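These notes are about the structure you will find just below.
The structure displayed is predicted, hence computed values, not measured ones.
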Amino acid sequence: MRPFLLVITLALSCIPNSLAQIEALSDSTIISGLKETLEVSTTKAIALTGRHDGFLKNEAIRILLPPKLQAVGKGMRLLGMGEEVDDLEIGMNRAAEAATPQAKEIFLTAVKRMTFHDARLILTGGDTAATDYFRNKSTGDLTTAFSPIVHRSLDKVGVVRQYQRVIKNAPGGSVLAGEFDLDKYVVEKTLEGLFYTLGAEESKIRRDPAAQTTELLKEVFGHK
């Protein structure tokens, strides 16, 4: 029996301390902690992106000309039509900034659907596990919510007309006419920028004690 007991003792001593600490947390504490993480990270991410210049002046998420149009854009700049290209990019980013605030309620709805099993996986997962969860659960709803806002914004600031003018005037642009959905492109890039920013905020909360701004966050991620 002694060798067997020795093996068991050694095995138990190898369990990571962080895992034991996580197991010590109550179910309600874990769920509450993750909900608070969502509230804090979502609020910050939306505040950063859903404001004037939130996309336009952030090089990490700024919406540029679509890949199919980048060669066209370069050609237009060489022909002295760079201002038209700039106006098109500005309009796309303004549309993204207008749509982003709609995300908060959708994220809160997703959190209500979270199971305890989901919560455990998120807590013990990577730096952006919660962001990945919300990307999987919310992308469809976000796309539906963002699409009409983006369309109205693009139309309001004249981006659609600007795009059509760019296509018409650019060398080789006529080939692309009718082959590209501007609304869809801007919605997709808006989602990319939002989740990128949300992931960065989540990572801060997980890694940086200074970002754990409430006692509950300190308890949950301090244990992790």
Side-chain angles (χ1 to χ4, degrees), residues 30-31 33-67 70 89-115 117-154 159 180-208 211-213 217 220-221 224:
I30 291 174
I31 291 290
L34 288 173
K35 285 184 177 181
E36 196 156 302
T37 301
L38 171 68
E39 182 178 347
V40 172
S41 58
T42 298
T43 299
K44 288 185 177 180
I46 291 174
L48 290 170
T49 56
R51 63 183 181 182
H52 189 76
D53 287 340
F55 272 78
L56 188 65
K57 295 296 179 66
N58 185 336
E59 292 300 322
I61 63 174
R62 177 180 171 131
I63 302 176
L64 304 175
L65 282 181
Q70 286 178 5
E89 286 194 349
I90 290 170
M92 291 190 295
N93 284 275
R94 292 287 181 254
E97 293 158 9
T100 300
Q102 301 301 312
K104 188 166 187 177
E105 289 303 317
I106 293 172
F107 282 137
L108 292 177
T109 298
V111 113
K112 292 176 182 177
R113 302 173 187 159
M114 184 186 294
T115 66
H117 176 69
D118 293 330
R120 284 276 180 179
L121 292 178
I122 291 169
L123 182 62
T124 58
D127 284 352
T128 60
T131 300
D132 295 338
Y133 170 82
F134 293 121
R135 181 185 284 108
N136 291 333
K137 296 293 184 181
S138 304
T139 294
D141 290 338
L142 289 169
T143 299
T144 300
F146 285 2
S147 293
I149 299 172
V150 165
H151 180 77
R152 287 195 300 270
S153 296
L154 293 177
V159 173
F180 180 73
D181 188 331
L182 187 64
D183 284 10
K184 182 179 179 182
Y185 173 75
V186 174
V187 169
E188 289 175 350
K189 300 305 288 186
T190 302
L191 289 171
E192 285 181 21
L194 175 60
F195 283 122
Y196 175 89
T197 307
L198 182 58
E201 293 302 322
E202 179 191 352
S203 183
K204 285 181 188 177
I205 290 173
R206 287 177 179 270
R207 289 173 171 269
D208 184 2
Q212 296 164 10
T213 54
L217 292 179
V220 172
F221 291 103
K224 185 175 185 304

Work out which heavy atom in [X] is nearest to a heavy atom in [Y]; give both atom names and the distance.
{"X": "Met114", "Y": "Ile122", "result": "CE-CD1, 3.8 Å"}
{"X": "Tyr185", "Y": "Leu64", "result": "OH-O, 2.7 Å"}
{"X": "Ser138", "Y": "Ile106", "result": "CB-CG2, 4.0 Å"}
{"X": "Gly91", "Y": "Leu154", "result": "O-CD2, 3.9 Å"}
{"X": "Thr190", "Y": "Phe55", "result": "O-CZ, 3.7 Å"}
{"X": "Gly199", "Y": "Thr128", "result": "O-CG2, 3.7 Å"}

Do [Y] and [X] meet the salt-bridge criterion of a basic N to acidic O distance under 4.0 Å?
{"X": "Lys137", "Y": "Asp132", "answer": "no"}
{"X": "Asp141", "Y": "Arg135", "answer": "no"}
{"X": "Glu89", "Y": "Arg62", "answer": "yes"}

### Message
Evaluate Met92 against Leu182 for side-chain contact (heavy atoms from CB on, under 4.5 Å), listing each step before the verdict.
### Response
CA-CA 9 Å; Met92 291 190 295; Leu182 187 64; 3.9 Å; yes
### Query
Has Tyr196 got more than 12 heavy atoms of other residues, nucleotides or ligands less than 6.0 Å from its OH?
no
#### Entry: Worked check of side-chain contact (heavy atoms from CB on, under 4.5 Å) between Glu105 and Leu108
CA-CA 5 Å; Glu105 289 303 317; Leu108 292 177; 3.9 Å; yes
Should [X] and [Y] count as side-chain neighbours, where that means a heavy-atom distance under 4.5 Å?
{"X": "Thr42", "Y": "Phe134", "result": "no"}
{"X": "Phe195", "Y": "Thr139", "result": "yes"}
{"X": "Leu48", "Y": "Glu201", "result": "yes"}

[X] side chain to [Y] backbone, donor-acceptor under 3.5 Å:
{"X": "Asp53", "Y": "Leu56", "value": "no"}
{"X": "Ser153", "Y": "Ile149", "value": "yes"}
{"X": "Gln102", "Y": "Leu142", "value": "no"}
{"X": "Glu97", "Y": "Gly50", "value": "no"}

[X] side, atom [atom1]; [Y] side, atom [atom2] - distance, nearest 0.5 Å:
{"X": "Thr143", "Y": "Leu191", "atom1": "OG1", "atom2": "CG", "result": "4.5 Å"}
{"X": "Asp127", "Y": "Lys204", "atom1": "CG", "atom2": "NZ", "result": "13.0 Å"}
{"X": "Phe146", "Y": "Thr100", "atom1": "CZ", "atom2": "OG1", "result": "5.0 Å"}
{"X": "Asn93", "Y": "Asn58", "atom1": "CG", "atom2": "CG", "result": "9.5 Å"}
{"X": "Ile61", "Y": "Leu194", "atom1": "CD1", "atom2": "CG", "result": "8.5 Å"}

### Message
What I want to check is whether the side chains of Ser41 and Glu202 have a donor and an acceptor closer together than 3.5 Å.
### Response
no
